[in-house]
Amino acid sequence: MAQYRAVFDAKATFSNGGSLSVEGFRLDVPSPGATEDEVAALFVASLGLLMTEEVEFGRLSIIEEPHKGTRGGPSGLAAPAVRSRRVDLNHVIRHGETTYPGLPAPQIAAHLTRAASRGLYAEGVEFQIDQITMVGNTGTYLDSPFHRYHDGPDLSSLSLDRLVDLPAVVVRAEGDGARAVDVGHLAALEVEGRAVLLHTGGDRHWGTPAYAVQAPYLTERAARWLAERKAALVGIDSVNIDAIDQGKARPAHSVLLAAGIPIVEHLTGLGQLPPHGATFTAVPPRVEGFGTFPVRAFATVETR
């Protein structure tokens with residue numbers, strides 16, 4: 001496809017005084033019919049000129065010539081602009097709200113109140129310093145291998161490559177009448193290097209006793225399938241990735257964490273994501289000797 005450039009002499013004057021003159025200047029234009037106004041706007045953009053009052057042309061011609069990538073020019077507009085939106089996949093951590101049955105709820109309080117801080121700073125300056133007492137399994141949290149295995153990587157050892165901007169695959173298991181997410185839900189998917197997010201609909205019961213009753217889970221067979229195919233991370237919008245009412249074994253945890261695959265539990269809002277095309281991020285703080293901790297989990301979805 002033919003490309004075009006403008007060749008011109010011009011003088012730009014500025015509203016705060018002064019001027020700039022050029023001779024034989026060239027820049028990319030979108031078509032052979034580019035007008036003086038369009039070329040003037042591209043000229044100003046290409047040089048990043050501020051407070052330009054007027055651009056006067058001495059001569060102007062349009063020639064066929066490959067684009068050179070002029071800043072602000074049409075080569076930057078060759079594809080539609082890509083925009084991104086962030087989708088929050090977290091439950092809010094609230095004082096006294098239980099995440100997992102039998103584990104204590106978080107206790108949130110002020111260590112230093114605003115009122116008490118006023119005597120410590122200059123007139124009109126105040127701060128609040130808060131404190132929280134909680135177990136690592138609070139809110140939407142990530143399990144590192146150390147959670148299950150004493151010699152596995154803890155939170156301080158996890159690679160960001162396992163946690164940030166992972167291509168996401170959303171497994172639609174909501175409403176199919178089965179609690180268990182099994183190999184049949186996964187078999188058609190490409191999962192290597194991806195965050196596999198199990199959308200079960202279990203999050204609709206969050207904050208109620210029903211959340212832990214007959215909750216959706218991942219089968220051991222499916223966990224092995226994911227581990228063998230090198231999934232980067234597995235998340236679920238349920239109380240646990242294992243069936244907590246089917247004995248004390250935790251096969252999904254055991255298989256995935258043994259393979260070095262982090263687990264994110266208690267996600268929410270997975271129905272907002274497309275099956276493919278989003279990226280997933282869930283990063284805990286780097287705490288040494290700790291296996292689980294809340295994350296801010298979110299997806300990035302690109303739209304044109």
Side-chain angles (χ1 to χ4, degrees), residues 1-90 92 112 114 117-118 120-130 160-161 163-168 195 269 272-274 276-286 295-304:
M1 183 179 295
Q3 296 180 334
Y4 300 89
R5 308 191 82 213
V7 184
F8 55 89
D9 300 337
K11 180 179 180 180
T13 55
F14 305 101
S15 59
N16 62 338
S19 65
L20 172 70
S21 297
V22 298
E23 294 182 359
F25 198 91
R26 295 191 180 201
L27 55 72
D28 303 343
V29 294
S31 72
T35 66
E36 282 196 0
D37 285 345
E38 290 173 328
V39 175
L42 288 167
F43 173 58
V44 170
S46 71
L47 297 180
L49 301 177
L50 302 177
M51 303 180 71
T52 305
E53 188 170 76
E54 185 180 15
V55 177
E56 297 179 276
F57 291 99
R59 63 183 177 87
L60 170 64
S61 61
I62 307 295
I63 63 172
E64 184 174 334
E65 185 175 86
H67 287 164
K68 301 296 190 291
T70 306
R71 184 171 65 176
S75 57
L77 304 175
V82 176
R83 299 179 180 178
S84 298
R85 63 184 177 94
R86 305 284 189 267
V87 181
D88 205 331
L89 304 175
N90 263 79
V92 177
L112 178 70
R114 297 184 188 280
S117 77
R118 291 171 193 153
L120 304 176
Y121 301 100
E123 182 69 25
V125 179
E126 64 180 40
F127 295 97
Q128 179 162 315
I129 299 176
D130 302 306
L160 290 175
D161 292 339
L163 308 173
V164 178
D165 290 339
L166 299 173
Q272 302 173 74
L273 304 185
H276 304 276
T279 60
F280 179 78
T281 296
V283 182
R286 297 185 73 186
V295 292
R296 186 68 179 265
F298 64 89
T300 302
V301 182
E302 291 186 349
T303 58
R304 290 189 182 273

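None of the values given here were measured: they were computed from a predicted structure.
Every side chain to side chain contact (heavy atoms under 4.5 Å, CB included) that Glu56 has, sequence neighbours left out, goes to Glu54. Residues that satisfy the side chain to side chain contact (heavy atoms under 4.5 Å, CB included) test with Ala10, not counting sequence neighbours, are Phe8, Val22, Val55, Phe57.
For CZ of Arg296, the number of neighbouring non-hydrogen atoms (other residues, nucleotides, ligands) closer than 6.0 Å is 12 at most.
A heavy-atom distance below 4.5 Å is found between the side chains of Phe14 and Thr52. Looking at Arg26 and Glu65, their side chains come closer than 4.5 Å, going by heavy atoms from C-beta outward. At least one side-chain heavy atom of Val283 sits less than 4.5 Å from a side-chain heavy atom of Val164.
Atom-to-atom distance recorded for Gln272:CD and Asp88:CG is 8.5 Å, nearest 0.5 angstrom. Atom CG in Leu273 sits 10.0 Å away from atom OG1 in Thr300 (nearest 0.5 Å). To the nearest 0.5 Å, the span separating CD on Glu302 from CZ on Arg85 amounts to 11.5 Å. For the atom pair Phe25 CZ and Arg5 CZ, the distance stands at 8.5 Å (nearest 0.5 Å).
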Checklist entry - Would Leu120 and Phe127 count as a side chain to side chain contact (heavy atoms under 4.5 Å, CB included) if you check the C-alpha gap in whole Å, the side-chain angles of each, and the deciding distance to 0.1 Å? => result CA-CA 10 Å; Leu120 304 176; Phe127 295 97; over 6 Å; no

Item to check | CA sep, side-chain torsions, deciding dist, call: Leu163, Val295, side chain to side chain contact (heavy atoms under 4.5 Å, CB included) | outcome: CA-CA 10 Å; Leu163 308 173; Val295 292; over 6 Å; no

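Minimum interatomic distance between Leu89 and Gly269 (heavy atoms only, all atoms of both residues): CD2-O, 3.7 Å. The shortest non-hydrogen separation linking Pro74 to Asp28 is CD-O, 3.6 Å. Contact detail for Ser117 and Tyr121: the closest heavy-atom pair is O-CD1, 3.1 Å. Of all heavy-atom pairs spanning Lys11 and Ser21, the tightest one is CG-OG, 3.6 Å. Nearest heavy atom pair, residue Gln3 against residue His67, reads OE1-N, 2.7 Å. Residues Ala282 and Pro284 come closest through the heavy atom pair O-CD, 3.8 Å.
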